[in-house]
Amino acid sequence: MANKKQISGDNRKICLGVFVGAHGVQGLAKIKTFTGDPGAIAAYGPVATADGARRFTLSVRQILKNGVVLVSAPEIESREDALALSKTKLFVDRDALPAPDDADEFYLEDLVGLSVEEENGENAGEIAAVHNFGAGDLLEVAHIPNVAGSRLVPFTRQAIPTVDIPAGKVVVAEAFSPQRPENDGPEPADGAARARQRP
(Lines give C-alpha, C1' and ligand atoms only; values in the text may rest on other atoms or scores of the structure.)
Protein backbone atom coordinates (compact mmCIF):
# COMPACT_ATOMS: atom_id res chain seq x y z
CA MET A 1 0.00 0.00 0.00
CA ALA A 2 1.03 3.61 -0.13
CA ASN A 3 2.93 5.61 2.41
CA LYS A 4 0.80 7.95 4.53
CA LYS A 5 0.43 10.92 2.25
CA GLN A 6 -2.55 12.68 0.82
CA ILE A 7 -2.75 12.73 -2.96
CA SER A 8 -5.07 15.43 -4.23
CA GLY A 9 -6.06 15.97 -7.81
CA ASP A 10 -4.37 12.72 -8.83
CA ASN A 11 -5.88 11.68 -12.16
CA ARG A 12 -3.95 8.43 -12.58
CA LYS A 13 -5.91 5.27 -13.24
CA ILE A 14 -5.13 2.11 -11.27
CA CYS A 15 -5.86 -1.27 -12.83
CA LEU A 16 -7.74 -3.44 -10.34
CA GLY A 17 -8.41 -6.44 -12.55
CA VAL A 18 -9.28 -7.87 -15.93
CA PHE A 19 -12.29 -9.80 -17.23
CA VAL A 20 -11.29 -13.38 -17.99
CA GLY A 21 -14.54 -15.11 -18.91
CA ALA A 22 -18.16 -15.87 -18.25
CA HIS A 23 -19.94 -18.21 -15.83
CA GLY A 24 -23.35 -19.70 -16.41
CA VAL A 25 -26.01 -18.14 -18.61
CA GLN A 26 -27.19 -15.18 -16.53
CA GLY A 27 -24.40 -12.66 -17.05
CA LEU A 28 -21.99 -13.63 -14.30
CA ALA A 29 -18.40 -12.74 -15.19
CA LYS A 30 -14.98 -13.85 -13.99
CA ILE A 31 -12.38 -11.23 -13.11
CA LYS A 32 -8.71 -11.82 -12.38
CA THR A 33 -8.04 -9.30 -9.61
CA PHE A 34 -4.87 -7.32 -8.95
CA THR A 35 -5.96 -6.31 -5.45
CA GLY A 36 -4.32 -7.74 -2.33
CA ASP A 37 -7.75 -8.96 -1.23
CA PRO A 38 -9.58 -10.33 -4.30
CA GLY A 39 -12.94 -9.36 -2.80
CA ALA A 40 -11.87 -5.72 -2.73
CA ILE A 41 -12.35 -5.40 -6.49
CA ALA A 42 -15.80 -3.93 -5.75
CA ALA A 43 -14.80 -1.90 -2.70
CA TYR A 44 -13.76 1.35 -4.39
CA GLY A 45 -16.92 2.18 -6.31
CA PRO A 46 -17.66 1.63 -9.98
CA VAL A 47 -14.78 0.48 -12.19
CA ALA A 48 -14.24 1.63 -15.76
CA THR A 49 -12.52 0.60 -18.94
CA ALA A 50 -9.19 2.27 -19.75
CA ASP A 51 -10.85 4.87 -21.97
CA GLY A 52 -13.65 5.47 -19.46
CA ALA A 53 -16.29 4.65 -22.06
CA ARG A 54 -17.88 1.87 -19.98
CA ARG A 55 -18.44 1.63 -16.24
CA PHE A 56 -19.43 -1.37 -14.14
CA THR A 57 -20.94 -1.51 -10.67
CA LEU A 58 -19.62 -4.85 -9.47
CA SER A 59 -20.99 -7.20 -6.83
CA VAL A 60 -18.70 -10.05 -5.82
CA ARG A 61 -20.65 -13.32 -5.80
CA GLN A 62 -17.83 -15.76 -5.08
CA ILE A 63 -14.08 -15.78 -4.62
CA LEU A 64 -12.50 -18.49 -6.75
CA LYS A 65 -8.87 -19.65 -6.91
CA ASN A 66 -5.76 -17.67 -7.86
CA GLY A 67 -7.24 -14.22 -7.35
CA VAL A 68 -10.24 -14.80 -9.61
CA VAL A 69 -13.68 -13.64 -8.48
CA LEU A 70 -17.15 -14.23 -9.82
CA VAL A 71 -19.10 -10.99 -10.18
CA SER A 72 -22.40 -9.63 -11.36
CA ALA A 73 -23.13 -6.11 -12.59
CA PRO A 74 -26.30 -4.47 -13.89
CA GLU A 75 -24.33 -3.49 -16.99
CA ILE A 76 -23.70 -7.18 -17.83
CA GLU A 77 -27.02 -8.72 -18.74
CA SER A 78 -26.11 -12.00 -20.43
CA ARG A 79 -23.43 -14.62 -20.91
CA GLU A 80 -22.71 -13.06 -24.29
CA ASP A 81 -22.08 -9.69 -22.62
CA ALA A 82 -19.66 -11.31 -20.18
CA LEU A 83 -17.82 -13.19 -22.92
CA ALA A 84 -17.49 -10.02 -25.01
CA LEU A 85 -15.66 -8.34 -22.11
CA SER A 86 -12.88 -10.93 -21.99
CA LYS A 87 -9.42 -9.29 -21.62
CA THR A 88 -10.99 -5.91 -20.78
CA LYS A 89 -9.06 -4.24 -17.96
CA LEU A 90 -10.85 -2.43 -15.14
CA PHE A 91 -9.64 0.81 -13.59
CA VAL A 92 -10.43 3.24 -10.78
CA ASP A 93 -9.05 6.70 -10.11
CA ARG A 94 -6.01 6.70 -7.83
CA ASP A 95 -7.93 9.05 -5.52
CA ALA A 96 -10.50 6.30 -4.90
CA LEU A 97 -7.98 4.11 -3.08
CA PRO A 98 -7.95 4.44 0.72
CA ALA A 99 -5.06 5.72 2.77
CA PRO A 100 -2.98 2.86 4.24
CA ASP A 101 -2.99 1.91 7.89
CA ASP A 102 0.71 1.11 8.10
CA ALA A 103 3.47 3.66 7.53
CA ASP A 104 5.62 0.97 5.87
CA GLU A 105 2.99 -0.05 3.32
CA PHE A 106 2.95 1.34 -0.20
CA TYR A 107 0.85 1.25 -3.31
CA LEU A 108 3.24 -0.12 -5.89
CA GLU A 109 1.86 2.36 -8.41
CA ASP A 110 3.11 5.19 -6.20
CA LEU A 111 6.68 3.90 -6.50
CA VAL A 112 6.76 4.28 -10.28
CA GLY A 113 8.54 7.48 -11.24
CA LEU A 114 10.41 7.91 -7.96
CA SER A 115 14.11 8.71 -8.21
CA VAL A 116 16.60 6.16 -6.90
CA GLU A 117 19.51 7.42 -4.82
CA GLU A 118 22.63 5.75 -3.51
CA GLU A 119 23.21 5.96 0.25
CA ASN A 120 25.72 8.75 -0.43
CA GLY A 121 23.01 10.79 -2.19
CA GLU A 122 24.16 10.18 -5.75
CA ASN A 123 21.58 9.60 -8.48
CA ALA A 124 21.11 5.93 -9.40
CA GLY A 125 18.17 6.15 -11.78
CA GLU A 126 14.40 6.11 -11.65
CA ILE A 127 11.79 3.42 -10.93
CA ALA A 128 10.20 2.52 -14.26
CA ALA A 129 7.94 -0.33 -13.11
CA VAL A 130 7.30 -2.89 -10.39
CA HIS A 131 7.30 -6.60 -11.27
CA ASN A 132 6.69 -9.87 -9.50
CA PHE A 133 7.86 -13.15 -11.04
CA GLY A 134 6.66 -15.17 -8.06
CA ALA A 135 9.51 -14.69 -5.58
CA GLY A 136 8.74 -11.14 -4.42
CA ASP A 137 8.40 -7.64 -5.77
CA LEU A 138 11.19 -6.20 -7.91
CA LEU A 139 11.77 -2.56 -8.81
CA GLU A 140 12.79 -2.00 -12.41
CA VAL A 141 15.27 0.87 -12.34
CA ALA A 142 15.92 2.79 -15.58
CA HIS A 143 17.86 5.91 -16.57
CA ILE A 144 20.85 4.66 -14.57
CA PRO A 145 23.94 6.86 -15.05
CA ASN A 146 26.57 5.13 -17.20
CA VAL A 147 24.46 1.95 -17.50
CA ALA A 148 22.60 0.82 -20.62
CA GLY A 149 19.10 -0.56 -20.19
CA SER A 150 17.40 -1.22 -16.86
CA ARG A 151 18.16 -3.30 -13.78
CA LEU A 152 15.97 -5.08 -11.22
CA VAL A 153 16.31 -4.43 -7.49
CA PRO A 154 14.38 -6.42 -4.85
CA PHE A 155 11.80 -4.37 -2.98
CA THR A 156 12.93 -5.36 0.52
CA ARG A 157 14.06 -3.34 3.54
CA GLN A 158 17.58 -4.72 3.06
CA ALA A 159 17.82 -3.50 -0.52
CA ILE A 160 15.66 -0.37 -0.20
CA PRO A 161 16.12 0.93 3.36
CA THR A 162 14.33 4.23 2.70
CA VAL A 163 11.14 5.00 0.80
CA ASP A 164 10.23 8.70 0.89
CA ILE A 165 7.24 9.17 -1.38
CA PRO A 166 6.60 12.82 -0.41
CA ALA A 167 10.23 13.58 -1.34
CA GLY A 168 9.88 11.54 -4.54
CA LYS A 169 12.73 9.13 -3.88
CA VAL A 170 13.93 5.79 -2.57
CA VAL A 171 17.40 4.97 -1.27
CA VAL A 172 19.12 1.79 -2.44
CA ALA A 173 21.70 -0.01 -0.31
CA GLU A 174 25.19 -0.15 -1.82
CA ALA A 175 25.16 -3.94 -2.18
CA PHE A 176 22.02 -3.72 -4.35
CA SER A 177 22.98 -0.67 -6.40
CA PRO A 178 21.69 -0.88 -9.98
CA GLN A 179 25.06 0.53 -11.04
CA ARG A 180 26.85 -2.68 -10.00
CA PRO A 181 27.23 -5.05 -13.00
CA GLU A 182 26.45 -8.16 -10.95
CA ASN A 183 23.03 -6.77 -10.09
CA ASP A 184 21.70 -7.20 -13.59
CA GLY A 185 18.43 -9.13 -13.52
CA PRO A 186 16.00 -11.01 -15.78
CA GLU A 187 14.05 -9.31 -18.51
CA PRO A 188 11.07 -7.45 -17.00
CA ALA A 189 7.54 -8.63 -17.64
CA ASP A 190 4.16 -7.02 -17.13
CA GLY A 191 3.32 -6.60 -13.47
CA ALA A 192 0.16 -5.62 -11.65
CA ALA A 193 -0.17 -2.57 -9.50
CA ARG A 194 -1.25 -3.69 -6.07
CA ALA A 195 -0.65 -3.02 -2.42
CA ARG A 196 2.45 -4.51 -0.85
CA GLN A 197 4.45 -4.35 2.35
CA ARG A 198 8.20 -4.79 2.12
CA PRO A 199 9.46 -8.08 3.62
Side-chain angles (χ1 to χ4, degrees), residues 1-3 6-102 105-113 127-140 152 155 165 186-199:
M1 300 187 90
N3 199 355
Q6 296 297 320
I7 301 177
S8 58
D10 193 332
N11 61 3
R12 284 178 297 159
K13 304 290 184 185
I14 305 298
C15 184
L16 297 185
V18 58
F19 283 111
V20 293
H23 178 81
V25 295
Q26 298 189 359
L28 295 180
K30 294 179 182 178
I31 295 176
K32 169 66 176 175
T33 67
F34 302 146
T35 53
D37 171 12
I41 185 76
Y44 309 116
V47 294
T49 54
D51 60 5
R54 298 192 65 185
R55 295 172 65 84
F56 303 92
T57 305
L58 303 177
S59 295
V60 176
R61 299 298 184 186
Q62 186 178 352
I63 297 176
L64 306 175
K65 296 179 180 180
N66 301 318
V68 176
V69 296
L70 194 61
V71 303
S72 63
E75 301 85 358
I76 305 172
E77 298 181 350
S78 67
R79 177 179 177 84
E80 290 69 31
D81 288 348
L83 287 172
L85 291 167
S86 184
K87 299 184 181 179
T88 300
K89 293 181 179 180
L90 300 170
F91 296 81
V92 294
D93 291 340
R94 172 63 182 81
D95 285 338
L97 299 176
D101 296 323
D102 192 311
E105 288 184 333
F106 308 91
Y107 283 113
L108 298 186
E109 182 69 20
D110 288 344
L111 300 174
V112 176
I127 299 174
V130 183
H131 305 286
N132 191 309
F133 302 109
D137 294 313
L138 297 168
L139 305 180
E140 181 187 348
L152 298 176
F155 186 49
I165 290 178
E187 288 295 316
D190 288 339
R194 66 176 70 188
R196 281 286 191 273
Q197 186 168 26
R198 286 182 295 166

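We're numbering straight along the sequence, starting at 1.
Under the 3.5 Å distance criterion, the side-chain polar atoms of Lys30 are left unmatched by any main-chain donor or acceptor of Ala82. Between the Arg55 side chain and the Ala48 main chain, no donor and acceptor come within less than 3.5 Å of each other.
Put simply, the side chain of Leu139 does not reach to within 4.5 Å of the side chain of Asp137, judged on heavy atoms. Using a 4.5 Å heavy-atom cutoff, the side chains of Ile31 and Leu58 are in contact.
Rounding to the nearest 0.5 angstrom, the gap separating the CD1 atom in Ile127 from the CD atom in Glu140 is 10.5 Å. In this structure, the separation between CD1 on Ile41 and CG on Leu16 is 4.5 Å, given to the nearest 0.5 Å. Taken from CD in Gln26 to CD1 in Ile76, the straight-line distance is 13.5 Å, to the nearest 0.5 Å. Atom CG of Leu90 sits about 11.0 Å away from atom OG1 of Thr33, to the nearest 0.5 Å.
Minimum interatomic distance between Asp51 and Ala53 (heavy atoms only, all atoms of both residues): OD1-N, 2.9 Å. Minimum heavy-atom separation, Cys15 to Lys89: SG-CB, 3.9 Å. Pairing each heavy atom of Ala129 with each of His131, the nearest pair is CB-NE2, 3.6 Å.
Applying the ring pair (Phe, Tyr, Trp, His ring centres under 6.0 Å) rule to pairs touching residues 51-95 yields Phe19-Phe56, sequence neighbours excluded.
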Requested in this report: Kindly indicate, with the supporting measurements, whether the criterion side chain to side chain contact (heavy atoms under 4.5 Å, CB included) is fulfilled by Asp93 and Lys13.
Outcome: CA-CA 5 Å; Asp93 291 340; Lys13 304 290 184 185; 2.4 Å; yes
Report task. Please lay out, stage by stage, how Leu85 and Arg54 fare under the test side chain to side chain contact (heavy atoms under 4.5 Å, CB included). Result -> CA-CA 11 Å; Leu85 291 167; Arg54 298 192 65 185; 3.4 Å; yes
Report task. Dump the intermediate steps for side chain to side chain contact (heavy atoms under 4.5 Å, CB included) on Val130 and Phe155, then the final yes or no. Result -> CA-CA 9 Å; Val130 183; Phe155 186 49; 5.9 Å; no
Requested in this report: Give the C-alpha distance, both sets of side-chain angles, the deciding distance and a yes or no for side chain to side chain contact (heavy atoms under 4.5 Å, CB included) between Phe34 and Val18.
Outcome: CA-CA 8 Å; Phe34 302 146; Val18 58; 4.0 Å; yes
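Few gaps surround CD on Glu75; more than 12 heavy atoms of other groups in view lie less than 6.0 Å from it.
A side-chain N or O of Arg61 and one of Ser72 form a donor-acceptor pair less than 3.5 Å apart.
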